[in-house]
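To keep things clear, I will list the structure first and then write my remarks on it.
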Amino acid sequence: MSFSSILGQDKTVKRLRALVETGRIPPAIIFHGAPGTGKFLAALEFAKALNCSHAAHMEKTPAPGPADEDLFSAPGPAAMPAPEPAPAQVSQDPSDSCGACLSCLQARSGAHPDIRVVDTAFQAALLDEAESANLKIDTMRELTRWAQQKPMLSPWKIFIVRDAEALMPQAQNALLKTLEEPPPGTLVILTVSRKTSLLSTILSRCCMIEFSLLPRMVLKAILEAQGAEPGQSEALAALGGGSLEKAAEAGAFLKRIQALHPEDTARVFKFSAGLPRDSHRAREEVKTLLDLLLARTRSAWRSAEGASKAKLAALLRRTLELRRMVNRNVSYALILETALLESERAGIKLEDLIEDGIKK
Ligand SMILES: [Zn+2]
């Protein structure tokens with residue numbers, strides 16, 4: 001994997017390659033764009049490219065001991081010492097990672113001593129507590145402490161704060177200290193889909209790199225590479241609206257809907273019972289479902305006439321109102337059930353949300 005694994009972001013990748021090549025790296029960068037547009041993958045590849053040594057790494061294979069040999073076989077050519085492996089061809093492209101040096105191998109296995117991904121899962125392990133939706137001040141204090149230490153074996157010590165919208169304001173203030181006086185050789189990358197969730201003091205200290213929505217064909221190709229069938233990938237790519245995350249969510253909804261019996265009168269409740277337990281994820285899922293519902297209702301409204309047009313207009317207003325309520329402290333399952341039941345009454349069924357996209 002290298003920058004070539006990032007699809008549909010040609011302009012952004014070109015900019016990142018130029019940064020790697022010149023070596024003039026700002027101490028803090030924000031990767032900004034919609035969810036599921038490749039920001040995190042790009043951050044990992046950028047970190048890998050910055051720390052790549054372009055020197056082939058020879059894995060020392062231990063000499064086979066008696067336990068490794070088949071005791072019943074006669075000694076043959078296999079018992080002879082293996083010849084020295086020929087040095088591997090290592091890419092020397094100065095703007096990308098080689099994938100073969102020690103640093104690249106460590107980065108690929110997620111065990112690079114100088115590249116650290118900071119997210120809610122990492123925080124849970126660090127603070128020895130259940131995973132929370134927010135990144136806390138204690139985690140950013142740890143980051144500040146690590147940032148003061150020299151890189152262990154690479155030119156750069158890199159922190160990737162994934163989904164930085166999860167940073168609480170106090171945590172952002174704690175991070176600000178590192179951004180104001182960046183220790184030499186330290187780079188902080190924040191991936192974020194909502195810039196407004198960051199304090200203006202953070203924004204003003206960071207260089208901004210934008211990620212655009214993915215073209216539909218690119219999304220389709222990625223979905224197929226991940227195992228989606230061609231017929232389905234087309235529809236999911238359309239529903240994804242440029243975001244791999246949204247497309248994957250739509251795929252999961254489709255599976256959940258298909259598992260329900262069409263005549264089951266309780267299917268709306270069964271469907272909403274499948275929302276994730278994590279409230280942050282549940283909220284995002286309900287938002288996506290309501291967006292799908294709004295898109296479906298709008299298209300039905302466009303082709304409707306007379307009384308049914310008025311009915312659909314009322315449904316649109318009501319669904320928009322419910323969509324706004326998602327950001328307040330309310331039961332997501334209740335909002336979803338209300339929206340789905342009201343749509344069914346107006347003639348838009350649960351399966352219409354996704355399956356219409358597939359028929360198109
Ligand atoms: Zn390398």
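Just so you know, residue 1 is the first one in the sequence shown, and it goes up from there.
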Electrostatic pair [X]-[Y], nearest N-O below 4.0 angstrom:
X      : Y      : value
Lys177 : Glu180 : no
Lys220 : Glu224 : yes
Glu45  : Lys48  : yes
Asp138 : Arg141 : yes
Lys39  : Glu210 : no
Glu344 : Lys349 : no
Arg318 : Glu321 : yes

Pair listing, ring-ring contact (aromatic ring centres under 6.0 Å, His included) test, anchored in residues 121-141, at least two apart: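 Only Phe122-Trp146 qualify under ring-ring contact (aromatic ring centres under 6.0 Å, His included).
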Separation between OG1 of Thr37 and CG of Leu213, rounded to the nearest 0.5 Å: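 Taking OG1 in Thr37 and CG in Leu213, the distance rounds to 7.0 Å.
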No-hydrogen, no-angle side-chain donor-acceptor test under 3.5 Å, Asp93 and Ser95: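 Looking only at side-chain atoms, Ser95 and Asp93 do form a donor-acceptor pair, the distance falling under 3.5 Å.
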Donor-acceptor side-chain pairing of Lys246 and Thr288 below 3.5 angstrom: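 Side chains of Lys246 and Thr288: pair found under 3.5 Å.
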Working for side-chain contact (heavy atoms from CB on, under 4.5 Å), residues Val188 and Ile29: CA-CA 6 Å; Val188 178; Ile29 309 182; over 6 Å; no
Audit row: Asp119, Ile160, side-chain contact (heavy atoms from CB on, under 4.5 Å) steps and yes/no: CA-CA 8 Å; Asp119 59 10; Ile160 302 172; over 6 Å; no
Do [X] and [Y] come within less than 4.5 Å of each other through their side chains, counting heavy atoms only?
X      : Y      : answer
Ser308 : Glu305 : no
Leu175 : Leu190 : yes
Met208 : Lys195 : yes
Phe31  : Thr12  : no

NZ or CZ of Arg256 within 45° of Phe271 ring axis and under 6.0 Å: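 Yes, a cation-pi geometry.
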Arg116 NZ/CZ over Phe159 ring centroid, <6.0 Å and within 45° of normal: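 Ring-cation test returns no.
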side-chain contact (heavy atoms from CB on, under 4.5 Å) assessment of Asn51 paired with Gln106: CA-CA 11 Å; Asn51 278 343; Gln106 285 178 328; over 6 Å; no
Side-chain donor or acceptor of Asp114 paired with backbone N/O of Leu153 under 3.5 Å: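 Judged by distance alone, yes, a pair lies under 3.5 Å.
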